Amino acid sequence: TRSSDLERLEARVKEADEEKATMVSALGGRDRIGEESIARYEGIIRSKDAELETLDNSVALLQREKEALGLELERIKEGLRSKNAELEALNGRVNLLGSEKEAVCAELTELKGEMTRSEAAELETSALLRKEKEAMALELSDLREKLDKSAAHVKSKDAELETRKKAV
């Protein structure tokens, strides 16, 4: 829109220059025109000169705005290049973290496998120990029973012996 405004202003300046040239030539080419007509044309010329000056100022202002916008655009482009570089660095970091994650996951899977094997061995050992404990408990129970029988037998023999002693 600014470039189209600039083009329109330049076209108006050109028209005004052409009008001015036409009027100056009309004034210079006619000796019969009266003082009044000359004054009127000079007023018109001054008016057109003022209009041209205004248009020139507008064009200059638009040029400065265009330059300022160009500088701002360059600053924005530089910012975008900087952000793009940051994004590329972050993307590289993300890729590196992804690789590290994969390595950690593989190690974790391996450790889970080792733990599973270890847990299975522990369960097997625990089952064997439980069976041994049960067998020892049965054996201990048998031994207590035998001990109780032996103690009862000894008591009965002691009582028998006591009876014989008293009888003798």
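These numbers come from the heavy atoms of this one structure, side chains and all, not from hydrogens, waters or symmetry mates. Everything numeric here is computed off the predicted structure, so don't read it as measured data.
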Residues which pass side-chain contact (heavy atoms from CB on, under 4.5 Å) with Leu97, listed by chain and number, not counting sequence neighbours: Arg93, Glu100
Could you state the interatomic distance from CD1 (Ile45) to CG (Leu52), rounded to the nearest 0.5 Å? 11.0 Å
To the nearest 0.5 Å, what is the distance between CZ (Arg144) and CG (Leu140)? 4.0 Å
Those residues at least two apart in sequence (or on a different chain) that pass side chain to side chain donor-acceptor pair (under 3.5 Å) with Arg130 are Ser126
Checking Ser141 side chain against Ala137 main chain: does a donor-acceptor pair fall under 3.5 Å? no
Go through the structure and list residues passing salt bridge (charged side-chain N to carboxylate O under 4.0 Å, His left out) with Glu53, not counting sequence neighbours. none
Check side-chain contact (heavy atoms from CB on, under 4.5 Å) between Arg46 and all other residues, then give those that pass, not counting sequence neighbours. Glu42
How long is the span from the CG atom in Leu96 to the CG atom in Leu90, to the nearest 0.5 Å? 12.5 Å
Euclidean distance, Ile44 CD1 relative to Asp49 CG, rounded to 0.5 Å: 12.0 Å
What is the distance from atom NZ of Lys101 to atom SG of Cys105, rounded to the nearest 0.5 Å? 5.5 Å
With sequence neighbours left out, what residues match Glu78 under salt bridge (charged side-chain N to carboxylate O under 4.0 Å, His left out)? Arg81
Less than 3.5 Å apart, which donor and acceptor atoms pair up between the side chains of residues 153-168 and the rest of the protein, not counting sequence neighbours?
{"from": "Ser156", "atom 1": "OG", "to": "His153", "atom 2": "O", "distance (Å)": "2.9"}
{"from": "Glu160", "atom 1": "OE2", "to": "Arg164", "atom 2": "NH2", "distance (Å)": "3.4"}
{"from": "Thr163", "atom 1": "OG1", "to": "Ala159", "atom 2": "O", "distance (Å)": "2.6"}

Just to verify, what does Asp56 make a side chain to side chain donor-acceptor pair (under 3.5 Å) with, not counting sequence neighbours? none
Name all residues meeting the salt bridge (charged side-chain N to carboxylate O under 4.0 Å, His left out) criterion together with Lys77; count only those two or more places apart in sequence or in a different chain, and write none if there are none. Glu74
Under 4.5 Å between side-chain heavy atoms, chaining through other members, with only Ile, Leu, Val, Met, Phe, Trp and Tyr counted: pull out the rest of the cluster around Leu80, sorted by chain and number. Ile76
Got a second to check how far Lys149's NZ is from Leu147's CG, nearest 0.5 Å? 12.0 Å
Should the heavy atoms of other residues, nucleotides or ligands under 6.0 Å from CD of Glu107 be counted, would the total exceed 12? no
Partner residues of Glu18 under the side-chain contact (heavy atoms from CB on, under 4.5 Å) criterion, sequence neighbours left out: Lys14
Using side-chain heavy atoms (C-beta onward) and a distance below 4.5 Å, is Thr125 in contact with Leu129? yes
Residues passing the side-chain contact (heavy atoms from CB on, under 4.5 Å) test with Leu128, sequence neighbours excluded, are none
